[in-house]
Protein chains: 2
Amino acid sequence: MKLVTRDTDYALRALCYIAAHKDTMMPAGGLVAALDIPRPFLRKILQTLNRNGLLKSYKGQGGGFMLAKPAERIFLLDLIKVFQGPFKLNECLFKREACPNTKKCVLKQRLDRIEEHVLRELKNITIASLLRKH
Amino acid sequence: MKLVTRDTDYALRALCYIAAHKDTMMPAGGLVAALDIPRPFLRKILQTLNRNGLLKSYKGQGGGFMLAKPAERIFLLDLIKVFQGPFKLNECLFKREACPNTKKCVLKQRLDRIEEHVLRELKNITIASLLRKH
DNA sequence: GACAAATGATACAAATATGGTATCATTTCT
DNA sequence: AGAAATGATACCATATTTGTATCATTTGTC
Ligand code: FES
Ligand code: FES
C-alpha cells in the first residue's frame, strides 16, 4: 500500500539534489556522497531517468547528469509512472464475478473518485515545489 | 500501488455474499460454489475474519458463518486493516536524509492531505452500501 | 457412540515484486 | 593511452502476495 516505492523515492531525492545544484554537472559519485543511496542501484535509477527524458547524461571524464527540463516541469507523478507503472488504484474488485450492483457499481464509482482526487493532488507536486524554502 | 489486495478483495466479496443471504448459515462450501475463490485460501480468509470479529463461526454439521455485526457497520477499511495492516500511504520519503525543506516539509504535508482525504472517503464504504441496488 | 460435516490451527510452497549487485562495453576528456 | 564517467544487461536476495496441505476439534444426526 505504498504510494511511492524505494526507487521512486531515490529518484526524487536525486532530482532534487541535481536541481539544487543547477548548472553544475553532477556525476553519480557526487550523488552517492551526498545522499545515502547504494551506488549501483542509484546508477540504474539515473540511467532510467535518462532513458525517460527526465535527465540528460554526459559521458566521459567530467561527465554526469543534468536536468533535462526545468524543475517546475518534473512531477512526482512522472517518477511514479516511470518506476511503478501507470497510476491505477482502482482495478475492479469483483474481477471474476458479476458485480453485486447490476447497473452501476457504487464501489467502482467511489474508488474512481478517490483516484481522481489523488491524481489531482499529485499533479501539483513538482521538483521545484519541493525545493522552495518558504 | 494496489489499494486493495487479493485477500481483501475476496473477503469483501465473501462478506457481501453472506450479507445478501442474511439469516442463512453460510458454510465455506457455499461461498466457494457462488464466488470463484480457491477453497483453501477462502477458508483461511474466513478464519481471519472470524478471529477479527467480522464473522461469527459455527462448527460442526450445519455450521458455517454469519456476519458478526450489521452490514452497515462493516467497513472496507476494516478489511484493509486486517489483511494489509494499518492504512498508511505516507511514510517519509527522505528517510535517511534531512528533508530539503528545513522547517516544514511540503511533500509530507501534501501526502498527509492526500491520505486524510482517501481515509475520509474509504470510511464511507460499508458492506451495506455495496449491496444497495439503487 | 460412530460418523459426517463443518471450522481451527498451522506449516509449507509457488509466484511475483522489490531492492539491490556485478560486469563489461562505450564514450570522452586530458 | 589512460582515467573517469555513463550504457546495457544479467544476475541475485529478500519480502510480499497468493495460495496449498494437513491434521485436530467441534457438533449435529443416525
Ligand atoms: S466491483 Fe467491479 S464493477 Fe463492481
Ligand atoms: S520527506 Fe520526510 S520530512 Fe520531508
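Residue numbers begin at 1 in each chain, while the letters A, B, ... track the order of the sequences.
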Measure from [atom1] on [X] to [atom2] on [N] and round the result to the nearest Å.
X	N	atom1	atom2	value
A:M66	D:dT6	CE	C1'	16 Å
A:R43	C:dG19	CZ	C1'	17 Å
B:I80	D:dT17	CD1	P	13 Å
A:Q47	C:dC24	CD	C1'	12 Å
A:L49	D:dA8	CG	P	14 Å
B:L42	C:dG8	CG	P	12 Å
B:M25	C:dA5	CE	P	17 Å
B:K56	C:dA6	NZ	C1'	17 Å

So, do B:T126 and B:L76 sit near enough that their side-chain heavy atoms are less than 4.5 Å apart?
-> no
How about B:D9 and B:F83: do any of their side-chain heavy atoms sit closer than 4.5 Å?
-> no
Hey, does the side chain of [X] come within less than 4.0 Å of [N]'s phosphate (OP1/OP2), counting only N and O?
X	N	answer
B:N50	C:dG8	yes
B:S57	C:dA6	no
B:R6	D:dG19	yes
B:K2	D:dT18	yes

Contact class for A:R39 (heavy atom, under 4.0 Å): base, sugar-phosphate, or nothing?
-> nothing
If you look at every strand shown and take non-hydrogen atoms under 4.0 Å, does B:G62 touch a base, only sugar-phosphate, or nothing?
->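 No contact.
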Between CG on residue B:L79 and CD1 on residue B:I74, distance to nearest 0.5 Å |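 Those atoms lie 8.0 Å apart.
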Residue mapping more 5' on DNA chain C - nearest nucleotide basis, B:Q61 or A:D7 | B:Q61
Please determine, for the side chain of [X], which listed nucleotide ([options]) has the closest atom?
X	options	answer
A:K59	D:dT6, C:dG19, D:dA3	D:dT6
B:P40	C:dG19, C:dT28, D:dA21	D:dA21
A:Y10	D:dA21, C:dG19, C:dG20	C:dG20

Most 5' of A:K44 and A:G29 on DNA chain D, judged by nearest nucleotide | A:G29
Output, in order, the C-alpha distance, side-chain angles, deciding distance and verdict of side chain to side chain donor-acceptor pair (under 3.5 Å) for B:Y10 and B:R6.
-> CA-CA 6 Å; B:Y10 286 160; B:R6 222 66 206 294; 3.3 Å; yes
B:L49-B:Y58 co-clustered via ILVMFWY side chain contacts under 4.5 Å | no
